[in-house]
Asks: 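The structure that follows is given in the form of structure tokens.
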2 protein chains.
Amino acid sequence: MPTIKDVALAAGCSTATVSRALANPEKVSEATRLRVASAIDEVGYAPNVAARNLRRAESRTIVTLLPDISNPFFSEIINGMEEVAHQAGYQVLIGDCERDPARAEAYFNLLPTNQADGIILLTADIPRGLVRHADARADAPLVMACEFFSDVDLPTVTIDNYQATAHAIEYLVSLGHARIAAISGPVDNPICRERTRGYRDALTAGGLSSSAHVMEGDFGFRSGYQQGLALLDGADRPSAIFCHSDEMAIGVLKAARQLGIRVPEALSVVGFDNIGFSEYCEPELTTVSQPRHEIGQQAMHTLLNLLAGEAVVRRQTLSTQLIVRKSTGRPAA
Amino acid sequence: MPTIKDVALAAGCSTATVSRALANPEKVSEATRLRVASAIDEVGYAPNVAARNLRRAESRTIVTLLPDISNPFFSEIINGMEEVAHQAGYQVLIGDCERDPARAEAYFNLLPTNQADGIILLTADIPRGLVRHADARADAPLVMACEFFSDVDLPTVTIDNYQATAHAIEYLVSLGHARIAAISGPVDNPICRERTRGYRDALTAGGLSSSAHVMEGDFGFRSGYQQGLALLDGADRPSAIFCHSDEMAIGVLKAARQLGIRVPEALSVVGFDNIGFSEYCEPELTTVSQPRHEIGQQAMHTLLNLLAGEAVVRRQTLSTQLIVRKSTGRPAA
DNA sequence: CTGAAAGCGCTTACAG
DNA sequence: CTGAAAGCGCTTACAG
């Protein structure tokens with residue numbers, strides 16, 4: 001591979017000048033710039049980024065940690081992050097943690113080894129010690145998106161989970177539902193707690209506090225299906241179920257079908273996230289939409305600003321939207 | 001950050017010895033190894049990987065290029081790749097190309113700039129010039145998985161698309177279907193051509209060649225829905241539709257529902273890929289399952305072997321399975 | 001088994 | 001506007 005030396009030779013200048021022509025073209029004369037450009041073409045030069053990174057003590061790589069890459073919820077967030085990152089000359093490394101602390105640790109280890117300049121966490125399911133330790137070093141910024149820690153204070157980009165949930169529940173109450181159950185994500189997850197608070201408060205506000213009934217799931221299809229069966233198989237079943245993810249809501253739809261319970265006639269179901277599939281299930285799902293692309297963009301902007309030493313808003317709250325489709329309606333008389 | 005010099009100082013040896021203790025512990029005495037180990041702990045040393053990579057002229061990074069990260073089909077393949085890569089000390093950079101040649105080019109550019117050691121392509125939708133150029137340089141290996149090029153000969157890990165499709169069609173024929181349509185992915189995609197060949201040949205073998213009817217989709221929900229409507233809205237509609245992806249099959253399910261056509265009573269639908277969702281749609285989808293995890297593992301193994309200068313099998317064909325669920329049945333009498 | 005030294009390919013004060 | 005030189009943090013023949 002040709003190096004910067006070859007270019008300097010071909011252009012009849014020093015390597016310093018070639019380097020400047022590339023990084024600070026305004027510091028180089030027009031004529032030199034042109035000679036360097038054609039020399040680069042001539043020898044087929046591409047800068048060795050490892051060498052540049054070593055010299056500049058940066059990697060231009062941002063890691064984003066996900067709980068599960070197979071969840072389509074994250075793809076649009078990643079697109080938003082990449083858009084901003086690429087534009088700033090950074091690349092993003094996607095780290096799938098799969099609830100495995102060893103995996104998370106391996107990704108955090110990219111920081112001290114100079115392979116990553118910062119991390120965006122899309123999950124709170126990370127060993128707290130890792131986060132605290134990395135945060136304390138303070139030479140590599142950490143940003144949280146979608147989720148948050150209750151006990152570590154990182155710059156965060158989220159929606160208002162409390163409000164979004166309360167709004168969905170109010171909608172169900174307004175339809176006339178009096179028995180509204182919920183299937184939560186992991187109950188120790190802070191966003192699930194927020195949602196459950198919103199759920200309870202909205203029920204109370206509607207005079208329905210005694211109907212509160214929360215089951216725990218894990219955001220996946222299967223847990224929605226299983227908890228749906230449990231919820232619907234009993235004697236006095238709910239007339240509506242609010243789920244913390246679309247996948248779980250779709251699992252509930254399957255459970256209802258299996259038990260011969262018609263949606264929305266005999267059961268209303270609300271999901272969360274508005275994944276692509278929510279428009280193609282039967283019936284189409286009413287769900288809470290998060291501005292995923294924007295969450296990704298903002299999170300990356302925040303991280304890059306931190307890297308640039310600029311001040312950032314520590315809590316950004318983006319707005320959600322309740323998308324009413326066909327899985328909700330008035331309860332049977 | 002402490003460097004190898006700090007460790008050498010603390011251990012009372014040279015940096016060369018520290019380096020060896022890390023990379024080739026067997027070349028260092030027990031006592032030294034121990035002193036180095038505790039010195040590393042003491043000073044909190046983590047090697048600067050950019051420096052190491054520069055020196056070794058490698059990046060220990062493999063890029064994988066996808067057509068669309070939001071398609072859950074790829075996640076299990078990625079898991080397989082990461083498993084093998086991490087074990088060998090490599091990391092995987094996921095490149096979402098989104099049918100944008102500029103994106104693909106940016107990822108290919110990681111090769112000459114020493115940011116990646118090789119690329120695994122999970123899509124054939126890449127400007128041919130890029131691939132040819134990268135392949136010609138021959139210092140960074142390219143491996144193809146799932147798809148393949150008809151005109152560039154890369155080591156490839158695939159299934160037998162012809163056979164898998166023929167088998168699915170034979171199954172529909174054996175059920176008694178005489179009008180079997182298909183919704184293909186992009187028709188210029190080699191795997192879609194293979195599948196269409198398998199489809200036609202199986203129809204011919206069943207004495208049904210005149211029923212062949214192929215519509216073009218793009219693998220996504222929406223195109224399946226639209227082509228499904230087109231196929232089902234006419235006078236003499238098919239009694240079965242074979243789709244090149246589960247998402248399109250699920251789109252067809254929606255189209256049928258909308259037209260009041262019952263599945264499987266009045267229409268049989270077969271998908272391809274066995275994504276998680278195929279078990280949660282209504283009805284559960286009959287589909288062709290690919291060994292996704294294994295495809296990912298094999299593709300990465302192949303690439304790492306190439307990197308190590310070892311000989312590799314240039315075409316690996318893994319087996320598929322027709323998973324019969326509830327979206328297929330005998331046609332109405 | 002160990003160390004001195006060169007060098008990987010860049011960038012960047014410094015001097016002119 | 002340009003160049004000589006130092007140095008980023010490693011690794012690895014080479015010599016002992």
Side-chain angles (χ1 to χ4, degrees), chain A residues 1-37 39-40 43-61 89 109-117 139-140, chain B residues 1-37 39-40 43-61 89 109-117 139-140:
Chain A
M1 291 277 1
T3 72
I4 199 171
K5 267 190 191 164
D6 302 307
V7 178
L9 207 67
C13 67
S14 72
T15 59
T17 298
V18 174
S19 180
R20 274 188 292 255
L22 253 25
N24 310 92
E26 75 283 359
K27 292 190 178 171
V28 158
S29 77
E30 171 89 37
T32 309
R33 200 158 52 224
L34 261 32
R35 266 187 300 124
V36 168
I40 285 174
V43 307
Y45 171 70
N48 182 321
V49 178
R52 171 182 295 169
N53 288 346
L54 171 60
R55 188 49 230 248
R56 290 193 180 152
E58 65 178 14
S59 66
R60 297 243 144 198
T61 296
N109 198 40
L110 297 174
L111 256 21
T113 55
N114 266 280
Q115 296 176 91
D117 294 341
D139 54 348
Chain B
M1 293 277 1
T3 71
I4 199 170
K5 267 190 191 166
D6 302 308
V7 178
L9 208 67
C13 65
S14 71
T15 60
T17 297
V18 174
S19 180
R20 275 189 290 257
L22 252 26
N24 310 93
E26 74 284 0
K27 292 189 179 172
V28 158
S29 78
E30 171 89 36
T32 309
R33 200 157 52 225
L34 260 32
R35 265 187 301 124
V36 168
I40 285 175
V43 305
Y45 172 69
N48 181 321
V49 177
R52 170 182 295 170
N53 288 347
L54 172 60
R55 188 49 232 249
R56 289 191 180 157
E58 64 176 15
S59 66
R60 297 246 142 196
T61 296
N109 197 40
L110 297 174
L111 255 21
T113 55
N114 266 281
Q115 296 175 90
D117 293 342
D139 54 347

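Residue numbers begin at 1 in each chain, while the letters A, B, ... track the order of the sequences.
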Asks: Between C1' on D:dT11 and NZ on B:K5, what's the gap in Å once rounded to a whole number?
Replies: 15 Å
Asks: Roughly how far apart are B:D6 CG and B:T15 OG1, rounded to 0.5 Å?
Replies: 11.0 Å
Asks: Report the nucleotide, chosen from C:dG3, D:dC10, D:dT2, that has the shortest atom-to-atom distance to any side-chain atom of B:S14.
Replies: C:dG3
Asks: With a 3.5 Å cut-off and no angle check, do the side chains of B:S59 and B:D117 form a donor-acceptor pair?
Replies: yes
Asks: For B:E26 and C:dC1, give me the distance from atom CD to atom P, rounded to whole Å.
Replies: 9 Å
Asks: So B:K27, base contact, sugar-phosphate only, or nothing? Heavy-atom distance under 4.0 Å.
Replies: base
Asks: Using atom CG of A:L22 as one end and atom C1' of C:dG9 as the other, report the distance to the nearest whole Å.
Replies: 13 Å
Asks: If you only use heavy atoms from C-beta on, which nucleotide in C:dT12, D:dG9, D:dT11 is closest to the side chain of B:T3?
Replies: D:dG9
Asks: Can you measure A:N48 atom CG to C:dG7 atom P for me and round it to whole angstrom units?
Replies: 17 Å
Asks: Can you measure from OG1 (B:T17) to CD1 (B:I4) and round to the nearest 0.5 angstrom?
Replies: 9.5 Å
Asks: With P as the reference atom in both, quote the distance from C:dT11 to C:dA15 in angstrom, rounded to an integer.
Replies: 22 Å
Asks: So which one's nearest nucleotide on DNA chain D is more toward 5', B:R20 or B:A46?
Replies: B:A46
Asks: Without swapping roles, check the side chain of B:N48 against the backbone of B:A51 for a donor-acceptor pair under 3.5 Å.
Replies: yes
Asks: Round to a whole Å and report the spacing from CZ of A:R60 to P of D:dC8.
Replies: 21 Å
Asks: For the side chain of A:P47, counting heavy atoms from C-beta on, which of C:dC14, C:dC10, D:dC10 is nearest?
Replies: C:dC10
Asks: Using atom CD1 of A:I4 as one end and atom P of C:dT12 as the other, report the distance to the nearest whole Å.
Replies: 11 Å
Asks: For the side chain of B:L54, starting at C-beta, report the closest nucleotide among C:dG9, D:dT11, C:dA4.
Replies: C:dG9
Asks: Any side-chain to backbone donor/acceptor pair from B:R33 onto B:P25? Under 3.5 Å, distance only.
Replies: yes
Asks: OP1 or OP2 of C:dT2 sitting under 4.0 Å from any side-chain N/O of B:T17?
Replies: no
Asks: How long is the line joining CZ of A:R35 and P of D:dC1, in whole Å?
Replies: 14 Å
Asks: Using purine N1 to pyrimidine N3 plus N6-O4 or O6-N4 for Watson-Crick, or N1-O2 and O6-N3 for G-U wobble, both under 3.5 Å, which nucleotide pairs with C:dA4?
Replies: none
Asks: Respond yes when some side-chain nitrogen or oxygen of B:T15 is under 4.0 Å from OP1 or OP2 of C:dG3, and no when none is.
Replies: no
Asks: Which base sits across from C:dA13 as a Watson-Crick or G-U pair, both distances under 3.5 Å?
Replies: none
Asks: Rounded to whole Å, how long is the line connecting atom CG of B:N114 with atom C1' of D:dC10?
Replies: 15 Å
Asks: Establish, with yes or no, whether the OP1 or OP2 oxygen of C:dT2 is under 4.0 angstrom from a side-chain nitrogen or oxygen of B:T32.
Replies: yes
Asks: Choosing from D:dT11, C:dG9, C:dG3, which nucleotide comes nearest the side chain of A:R55?
Replies: C:dG9
Asks: D:dT12, D:dA5, C:dG9: which one has an atom nearest the side-chain heavy atoms of A:A51?
Replies: C:dG9
Asks: Nearest 0.5 angstrom please: B:N53 CG to A:Q115 CD, how far?
Replies: 6.5 Å
Asks: If you only use heavy atoms from C-beta on, which nucleotide in C:dT2, C:dG3, C:dC8 is closest to the side chain of B:A16?
Replies: C:dG3
